[in-house]
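So that the names make sense, note that chain A is the first sequence line, chain B the second, and so on, each numbered from 1.
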Amino acid sequence: MPELPEVETVVRRLQQVLPGKTINSLTVLKEKSFVGDQFLVMEKTITEVSRRAKLIRIHLSDSTSLLVHLKMTGQLIYVDDQERLGGGHPTLDWVQELPSNHTRVWFDLGSHAALYFNDQRIFGWVKHMDEEAVQREYAKYAPDVIDDVVTPDYFFSKLQRTARPIKVAILDSKIMSGLGNIYACDALNLASIHPLRPGKSLSFEEAENLLDASKQVLEKGIALGGATIEHFRHVDGFSGDYQKEVLVYGREGEPCFNCGSALVKEKIAGRGTYYCSGCQK
DNA sequence: AATTATGTTGCGGT
DNA sequence: AACCGCAACATAAT
């Protein structure tokens with residue numbers, strides 16, 4: 001589910017509700033989903049929430065952190081008295097029935113507040129880490145697409161070194177982080193570049209356009225609160241809105257907004273890829 | 001009813 | 001080193 005915009009949406013809301021809360025206790029319902037010593041997390045106060053790549057970092061008062069990766073189907077859902085009592089939403093009854101059968105870990109934050117980590121497919125995780133471990137994890141990822149250090153020169157030089165399809169290259173977190181399958185497809189359409197073009201075949205100008213398009217679709221995704229295709233939810237349980245304005249993802253057979261041709265779906269490197277054979281060259 | 005699909009990433013092998 | 005395929009897992013759709 002989550003790509004950079006979805007994770008950023010989650011982080012921005014968590015920043016509003018978590019700082020100052022103390023973790024009274026945590027319950028691990030699926031061992032695989034939590035890594036660390038549960039005892040070391042208890043009684044710690046949350047000081048801050050931040051994001052890097054698709055990782056969510058919950059900073060604790062002793063300078064350790066909880067790092068969360070949602071992978072394909074993870075959710076972080078927060079509830080407190082306002083959610084459970086008058087602030088509830090009629091279509092979000094499920095929020096009040098947490099923990100659910102997909103809840104893997106949950107945190108009791110006191111005063112009837114709680115944070116639930118739900119994850120249907122159990123690929124995601126919550127790890128308790130010290131600063132050094134966090135930096136080691138961060139080091140696995142190249143800078144974020146929307147980070148200023150990812151310049152056209154940087155991007156072009158990375159592309160020159162690979163013959164893989166450009167679609168695969170922009171999904172490679174060793175090149176840059178943040179794009180996933182939805183936004184990668186949309187960015188290529190916006191830049192009018194065919195997903196199978198070898199990375200090294202892009203001119204500097206094309207690379208520059210594609211990087212700009214990538215930043216644009218991610219920013220739009222953030223502005224719309226992410227894309228809810230299936231599992232992604234805001235921290236409060238609401239859906240995002242980007243799926244209503246996707247350029248190509250999931251629109252097989254429908255007209256390209258740029259040129260009107262019917263969009264096609266093709267499997268590239270094992271991933272469903274949507275594009276327009278009319279204008280993406 | 002078996003196969004295929006799903007928003008991520010890491011591993012093992014060529 | 002680059003690159004490919006598959007694996008982790010649950011569930012819904014064909």
Can you confirm whether the side chains of A:Y275 and A:E266 place a donor and an acceptor under 3.5 Å from each other? yes
Please give, in whole Å, the distance from B:dT9 C1' to A:E3 CD? 13 Å
Neighbour count above 12 (heavy atom, 6.0 Å) for A:K30 NZ: no
What does the 5'-to-3' dot-bracket notation of DNA chain B look like when only Watson-Crick and G-U wobble pairs under 3.5 Å count, and pairs to other strands show as |? .|||||.|||||||
Salt bridge or not for A:D236 and A:R13, using N-O below 4.0 Å? yes
Distance check, C1' atoms only: B:dT9 and C:dA12, in whole angstrom units. 23 Å
Taking it one step at a time, do A:F117 and A:I77 satisfy side chain to side chain contact (heavy atoms under 4.5 Å, CB included)? CA-CA 7 Å; A:F117 174 66; A:I77 306 292; over 6 Å; no
Would you check if the side chain of A:T162 reaches a backbone N or O of A:L159 as a donor-acceptor pair within less than 3.5 Å? no
Phosphate OP1/OP2 of B:dG10 contacted by A:Y141 side-chain N/O (<4.0 Å): yes
Which residue pairs pass the side-chain hydrogen bond (donor to acceptor under 3.5 Å, both in side chains) test when at least one of the two sits in residues 53-66 of chain A, sequence neighbours left out? A:S50-A:H59, A:R57-A:S65, A:R57-A:E131, A:D62-A:T64, A:T64-A:H128
First-last contacting nucleotides on DNA chain C - partner chain A, under 4.0 angstrom, heavy atom: C:dC3 to C:dT11
Who else is in A:V168's hydrophobic cluster (ILVMFWY, side-chain heavy atoms under 4.5 Å, direct or via others)? A:L196, A:I268
Tell me, yes or no, whether the heavy-atom count around A:D37 atom CG, taken from other residues, nucleotides or ligands under 6.0 Å, exceeds 12. yes
Distance check, C1' atoms only: C:dA8 and B:dA1, in whole angstrom units. 24 Å
With rounding to whole Å, what would you report as the distance between C:dA1 and B:dT8 at their C1' atoms? 23 Å
Are A:K215 and A:D212 within salt-bridge range, i.e. N to O under 4.0 Å? no
Start with the C-alpha distance between A:T103 and A:N118, add both sets of side-chain angles, then the distance that settles side chain to side chain donor-acceptor pair (under 3.5 Å), and finish with yes or no. CA-CA 4 Å; A:T103 300; A:N118 299 335; 2.7 Å; yes
For the residue pair A:R251 and A:F257, would you count it as a cation-pi contact if the rule is NZ or CZ under 6.0 angstrom from the ring centre and within 45 degrees of the ring axis? yes
Write down the protein N/O and nucleotide N/O pairs, taken from nucleotides 3-6 of chain B, whose separation is under 3.5 Å; answer none if there are no such pairs.
{"from": "B:dA5", "atom 1": "OP2", "to": "A:K267", "atom 2": "NZ", "distance (Å)": "3.0"}
{"from": "B:dT6", "atom 1": "OP1", "to": "A:K265", "atom 2": "NZ", "distance (Å)": "3.4"}
{"from": "B:dT6", "atom 1": "O2", "to": "A:R121", "atom 2": "NH1", "distance (Å)": "3.3"}
{"from": "B:dT6", "atom 1": "N3", "to": "A:R121", "atom 2": "NH1", "distance (Å)": "3.4"}

Close side-chain approach of A:I146 to A:L4, heavy-atom, < 4.5 Å: yes
Work out how far the P atom of B:dG10 is from that of C:dT11, and round it to whole angstrom. 24 Å
Short side-chain N/O contact from A:H69 to OP1 or OP2 of B:dT9, under 4.0 Å: yes
Can the ring centres of A:Y242 and A:Y183 be said to be less than 6.0 Å apart? yes
Return no unless some side-chain N or O of A:K54 is found under 4.0 Å from OP1 or OP2 of B:dT8. yes
Close approaches to DNA chain B from residues 153-176 of chain A, in residue order (heavy atom, under 4.0 Å): none
For A:Q135, I'd like to know if atom CD has over 12 heavy atoms of other residues, nucleotides or ligands within 6.0 Å. yes
Once you apply a heavy-atom cut-off of 4.0 Å, does A:Y242 come out as touching a base, just sugar-phosphate, or nothing? nothing
P atoms of B:dT3 and C:dC6, separation to the nearest Å: 15 Å
